[in-house]
Protein chains: 2
Amino acid sequence: MGGYRGGVPLSPHLPELSALELLVDTARTGSIGAAARIHGISQQAASARLRGVEALVGAPLLLRSPRGSRLTESGTVLVEWAARLIDVAAEVDQGIATLRADRSERLRVAASMTVAEHLLPRWLITVRARQQTAGRSPTAVTLTATNSDRVAEAVRSGEADLGFVEGPTVPAGLRAQDVARDELVVVVAPSHPWTRRRAPLTAQELAATALVAREEGSGTRRVLEEALAAKGLRLTVPAVELTTSTGVREAVRAGSAPAVLSRLAAEGDLGAGRLAAVPVADLDLSRRLRAVWAGSSTPPAGAARDLLAVARSC
Amino acid sequence: MGGYRGGVPLSPHLPELSALELLVDTARTGSIGAAARIHGISQQAASARLRGVEALVGAPLLLRSPRGSRLTESGTVLVEWAARLIDVAAEVDQGIATLRADRSERLRVAASMTVAEHLLPRWLITVRARQQTAGRSPTAVTLTATNSDRVAEAVRSGEADLGFVEGPTVPAGLRAQDVARDELVVVVAPSHPWTRRRAPLTAQELAATALVAREEGSGTRRVLEEALAAKGLRLTVPAVELTTSTGVREAVRAGSAPAVLSRLAAEGDLGAGRLAAVPVADLDLSRRLRAVWAGSSTPPAGAARDLLAVARSC
DNA sequence: CAAGCCCACAGGAGGAGCTTGTGGGTGGCT
DNA sequence: AGCCACCCACAAGCTCCTCCTGTGGGCTTG
């Protein structure tokens, strides 16, 4: 996740998302015409689009017959991949809806970068689905994504109804509830000498190294600092400070220095071998992700309650 | 992943993938013009496209200045989401390349559905990346996705150079190497009575239930049957037999009957609450994913070796 | 102060995708 | 048997989108 290499656009063989949706719906319904109706286009247009997809892919995907269409073997695999892609696209879609600023009645959420990037879109999809199955109309949500400090401020000042933060302590003046756990990992470029270590890193070594770090006020940075402080250590002045985990990842991949990142943010790059994780011996880098709200001691009602419930169950 | 609900096309607010790529590259380079050059379009076209994205999202994403463009807060979040989407798209893209049938020299891979759907695209991306960093030109790979039995046949007959199968035993006449572990889970619709059970399911109960199942010859089916056989049990005749895990998932969601699925295939739906997992008490449903090849006892050379190495390290 | 980068606006050409109209084929119902 | 409903594909025309080129304004650098 989030490891887009940049500079290498996707090949022109990748069909458009809408065309893939059409294919998936054709597979589901067993009929091109039915899928066309779902998408609000004519059967002919759908047929042409799907032929276009087949031409792009370079393999037959559908077995057309006078009483419907079935998938070929290649089609089956492609539909499976496409469904996954569309799921992620739906998350982004949901996320985009939260960025739109033109609503009046809405749930205003402020979240730390880590939560906003990696968890919220999925939560929102689930909340929406649950509200719809419960027969309620889905709530409009607006999202502000900053660092944990500013999330706390936004909630305190009433700019946001609900916040999500990381960090070892509950922000002053707010009520909180744990919703998930996360863990920080030390990551380096695959070419970095630390990847060839036998023994795990010690807290002392880590503290003595100039890292690529997030700015002060970020939950990631604070957790690291407090974990080191618990060992009587202080963080060396960072080599670079950046405000996004993308920036941090890119700097690490460029080989400059190690970094400490949320596992959520690093996962994709670790899996793909673009980054390597370095175990740390004597440091507790797990952290809680908390929902926070102002005012009463009980969790908020309405849509905020729904979101909180979904977040806790994931 | 792979839980596409169907019937609800993505909102028209979602920008096209190419437009999102453009945004990501603009963020990376700090300049609209530079991103335009990467994508081989004029600066004006890129500028217009990005304005289109902003209109679609309904929020400013870029802070344009006479010496470049930076992201707004909303832009930062969107870029992060978009990068993830593009990563998945790149996997699909890579997968599509393997479906194209027009190459002559290539590595021919046959894989079980589970592996083809959930693991191979990522492996292929990594192989490609490693080959490129090693200065070699990337290998063309063609993929056939069927059930484990037919994968074994394809490898035996020389139709495929390398195969990936599930199942408790190594197919006769082939050499094998473990590459990963997987686990089967019992899944039901969220409304199914089993979700309200206190005690875990017993193997006996499971065996006595008519399930939604994969066809005979599939690795998923075989693992289940053998796990039951180890307890002296036999599977009841399935309620339905389907050849894809999508089909199985949909049937389960429709509420008809429980199913046994790879955790890989069920993950997305479990996370989103579209399916529920039911613990099973006394049944070992873990399974190995194996690479198989014909002939010599040593693993194959060349590109097959690269793929094998990547698969094992993930 | 000119050159080089950044950006945006305007007009025109091309093409991709849609719709409507049409026809061939199969299965079920009366 | 015959009609109807559904499946699919081909063809012609239109529309709108997106790209191109040409142009101009603003800021920084040598």
Side-chain angles (χ1 to χ4, degrees), chain A residues 6-7 9-72 74-75 79 82, chain B residues 6-7 9-72 74-75 79 82:
Chain A
L10 297 170
S11 87
H13 291 300
L14 186 73
E16 286 186 19
L17 280 179
S18 57
L20 290 177
E21 276 191 288
L22 196 60
L23 179 66
V24 171
D25 283 329
T26 302
R28 250 178 8 99
T29 59
S31 149
I32 295 178
R37 283 190 294 277
I38 291 175
H39 285 247
I41 62 176
S42 69
Q43 169 263 319
Q44 291 86 333
S47 175
R49 268 186 98 84
L50 290 173
R51 261 176 293 140
V53 173
E54 287 183 312
L56 233 47
V57 171
L61 303 172
L62 288 170
L63 298 166
R64 289 150 238 248
S65 85
R67 27 177 232 295
S69 300
R70 293 187 321 108
L71 291 171
T72 63
S74 298
V79 161
Chain B
L10 297 170
S11 87
H13 291 301
L14 186 73
E16 287 187 19
L17 280 180
S18 56
L20 290 177
E21 276 191 288
L22 196 60
L23 179 66
V24 171
D25 283 328
T26 302
R28 250 178 8 98
T29 59
S31 149
I32 296 178
R37 282 191 295 276
I38 290 175
H39 285 248
I41 62 176
S42 68
Q43 168 264 319
Q44 292 87 331
S47 174
R49 269 186 96 86
L50 290 173
R51 259 176 294 141
V53 173
E54 287 182 312
L56 234 46
V57 172
L61 303 171
L62 289 170
L63 299 166
R64 290 149 238 247
S65 85
R67 31 175 228 294
S69 300
R70 293 186 321 109
L71 291 171
T72 63
S74 298
V79 161

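The structure presented is a predicted model; accordingly, all values stated were derived computationally and were not measured. Here is the naming used below: chain letters follow the sequence lines, and residue numbers restart at 1 for every chain.
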| said: Using the side-chain heavy atoms of A:P66, tell me which of these nucleotides is nearest: C:dG25, D:dC8, C:dA8. | reply: C:dG25

| A:I32 side chain: which of D:dC20, C:dC7, D:dA9 is closest? | D:dA9

| query | Checking side chain to side chain contact (heavy atoms under 4.5 Å, CB included) for the pair B:R70/B:S65: CA distance, chi angles, key distance, verdict? | reply | CA-CA 8 Å; B:R70 293 186 321 109; B:S65 85; over 6 Å; no

What is the distance from [atom1] of [X] to [atom2] of [N], rounded to the nearest Å?
X     : N      : atom1 : atom2 : answer
A:Q43 : C:dT22 : CD    : P     : 15 Å
A:I41 : D:dA9  : CD1   : P     : 13 Å
B:L63 : C:dC6  : CG    : C1'   : 14 Å
B:H39 : D:dT18 : NE2   : C1'   : 16 Å
B:R67 : D:dG25 : CZ    : C1'   : 16 Å
B:L50 : D:dC19 : CG    : P     : 11 Å

| request: Have a look at B:A45 and say if it touches a base, only the backbone sugar-phosphate, or nothing, with a 4.0 Å heavy-atom cut-off. | output: sugar-phosphate

| task | Under 4.0 Å between any heavy atoms, over every strand shown, what does A:R37 touch: base, sugar-phosphate, or nothing? Just pick one. | result | sugar-phosphate

| task | Could you tell me the separation between the OG1 atom of B:T29 and the CZ atom of B:R37, rounded to the nearest 0.5 Å? | result | 8.0 Å

| Separation of B:L50 CG from B:L20 CG (nearest 0.5 Å) | 10.0 Å

If the cut-off is 4.0 Å, is [X] near the phosphate of [N], judged by side-chain N/O to OP1 or OP2?
X     : N      : result
B:S31 : C:dC7  : yes
B:S47 : C:dA8  : yes
B:R49 : D:dC19 : yes
A:R64 : D:dA9  : yes

| message | If you apply the rule side chain to side chain contact (heavy atoms under 4.5 Å, CB included), what do you find for A:I38 with A:E21, and how did you get there? | response | CA-CA 10 Å; A:I38 291 175; A:E21 276 191 288; over 6 Å; no

| query | Can a donor-acceptor pair under 3.5 Å be found between the side-chain atoms of A:Q44 and the base atoms of C:dG17? | reply | no

| said: Before you tell me yes or no, could you show the steps for A:L62 and A:T72 under side chain to side chain contact (heavy atoms under 4.5 Å, CB included), namely the whole-Å CA-CA distance, both residues' side-chain angles and the distance that decides it to 0.1 Å? | reply: CA-CA 5 Å; A:L62 288 170; A:T72 63; 5.8 Å; no

| query | On DNA chain D, nearest-nucleotide positions of A:S65 versus B:E16: which is more 5'? | reply | A:S65

